[in-house]
K.L.:
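For reference, the structure I am asking about is given below.
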2 protein chains.
Amino acid sequence: MSKTYTISDLAREFDVTTRTLRHYEDQGLVTPTRDGINRIFSHRDRVRLKLALRGKRLGFSLNEIRELFQLYDLAHDDRRQLEEFAVKLERRRAQLEQQREDVEIMLNEINFFAGQCQRLLTESGREKPVTT
Amino acid sequence: MSKTYTISDLAREFDVTTRTLRHYEDQGLVTPTRDGINRIFSHRDRVRLKLALRGKRLGFSLNEIRELFQLYDLAHDDRRQLEEFAVKLERRRAQLEQQREDVEIMLNEINFFAGQCQRLLTESGREKPVTT
DNA sequence: CATTGCTTTTACGTAAACGTCAATTCTGGT
DNA sequence: ACCAGAATTGACGTTTACGTAAAAGCAATG
């Protein structure tokens, strides 16, 4: 008997609304069982939610995320599915490597601009010195 | 007299539709001049487009991107604007560092799964050997 | 000069990812 | 028994980022 979560447990923990969790169920990203009418989320659901939110931060759509989940679930037996999975993983990898590059470039730019800002701010600070 | 571009020049180069470029003009991301009725994009527009598309790949909204452009344009004189700019840069930096971490995690996962796939595929390849 | 090709504006359409009621229902506590 | 605080299911609304179709204007080319 492993740990379970209510909808608001997960909502709190991951800082999303309950609406979001219901929506993710509709989209097949999580598959909570029921206690009567109430949703019960498993540890697996929690993991999937975490993965989904990471995917989202990286700009993936819920469809893409679900597709990966499905392929991961199905790809164990079927060879065709497995090959398809491998292909999609390659695409993702390429995309992620592009993204890694983008992140580095932007971080460099931001560091540069932040430096400029600091310079300008401290300069104008000296022009108009504080009374302390 | 520096180089200029037509709408389809840029569309081709960056692999977007002309509709997208018009939309970006509406949103104030690019500011082409006119030759009669036709748009003429400058080098500056090209740079901004490139920045905008990088921002998009990282999941930023057009609003956020435009905001950064505006702040960058205005932040040279006004100290308040400059401080605001610095604050927003910090937020972006935090977000990008989160994203960098996300990318690394996902790349590791993908590498792991891709490895599994290869293993399974070559295994099943041996079970059913090719006739060559 | 007619066609082809690229451009324009206007304007409605759409998919994704939830937000936001509304109307109930359930449950724990007093 | 009763009330407050979560939970539920619809179902319509909203924002973003374009897609798409329609109607029209220039420009070169055969």
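Please read all numbers here as calculations on a predicted model, not as lab measurements. In the text below, chain A, chain B and the rest are named by the order of the sequence lines, each starting its count at 1.
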K.L.:
Mind checking side-chain hydrogen bond (donor to acceptor under 3.5 Å, both in side chains) for T20(A) and listing every partner two or more places apart, or none if nothing turns up?
P.N.:
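Here the qualifying residues are T17(A).
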K.L.:
NZ/K88(A) to CD/E64(A) distance, rounded to the nearest 0.5 angstrom?
P.N.:
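With rounding to 0.5 Å, NZ (K88(A)) is 9.0 Å from CD (E64(A)).
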K.L.:
What is the distance from CZ of R12(B) to C1' of dC6(C), rounded to the nearest Å?
P.N.:
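One finds 10 Å between C1' of dC6(C) and CZ of R12(B), rounded.
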K.L.:
Check whether any side-chain N or O of D9(B) sits under 3.5 Å from a backbone N or O of T6(B) as a donor-acceptor pair, and report yes or no.
P.N.:
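Side chain of D9(B) to backbone of T6(B): a pair is present.
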K.L.:
Can you measure from CG (D78(B)) to CZ (F85(B)) and round to the nearest 0.5 angstrom?
P.N.:
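D78(B) CG to F85(B) CZ: 13.0 Å, rounded to 0.5 Å.
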K.L.:
To the nearest angstrom, how far is D9(B) atom CG from dG5(C) atom P?
P.N.:
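Taking CG of D9(B) and P of dG5(C), I get 18 Å after rounding.
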K.L.:
Does a side-chain N or O from T18(B) land closer than 4.0 Å to OP1 or OP2 of dC6(C), or not?
P.N.:
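No, T18(B) has no side-chain N/O under 4.0 Å of OP1/OP2 on dC6(C).
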K.L.:
Pairing donors with acceptors under 3.5 angstrom, does anything connect the side chains of D102(B) and Q98(B)?
P.N.:
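Yes, Q98(B) and D102(B) have a side-chain donor paired with an acceptor closer than 3.5 Å.
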K.L.:
Write down the distance between CD1 (I40(A)) and C1' (dC26(C)), rounded to a whole number of angstrom.
P.N.:
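So the CD1-C1' distance, I40(A) to dC26(C), works out to 14 Å.
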K.L.:
Would you give the length of the straight line joining atom CG of L82(A) to atom CG of L121(B), rounded to the nearest 0.5 angstrom?
P.N.:
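The distance works out to 4.0 Å.
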K.L.:
What integer distance in Å separates N38(B):CG from dC26(D):P?
P.N.:
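Between P of dC26(D) and CG of N38(B): 10 Å.
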K.L.:
Take atom CG of D26(B) and atom P of dT8(C), then tell me their distance rounded to the nearest Å.
P.N.:
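Atom-to-atom, D26(B) to dT8(C), this comes out as 12 Å.
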K.L.:
What string of B, S and - do you get for nucleotides 9-18 of chain D 5' to 3' if you count protein non-hydrogen atoms under 4.0 Å?
P.N.:
B-B----SBB
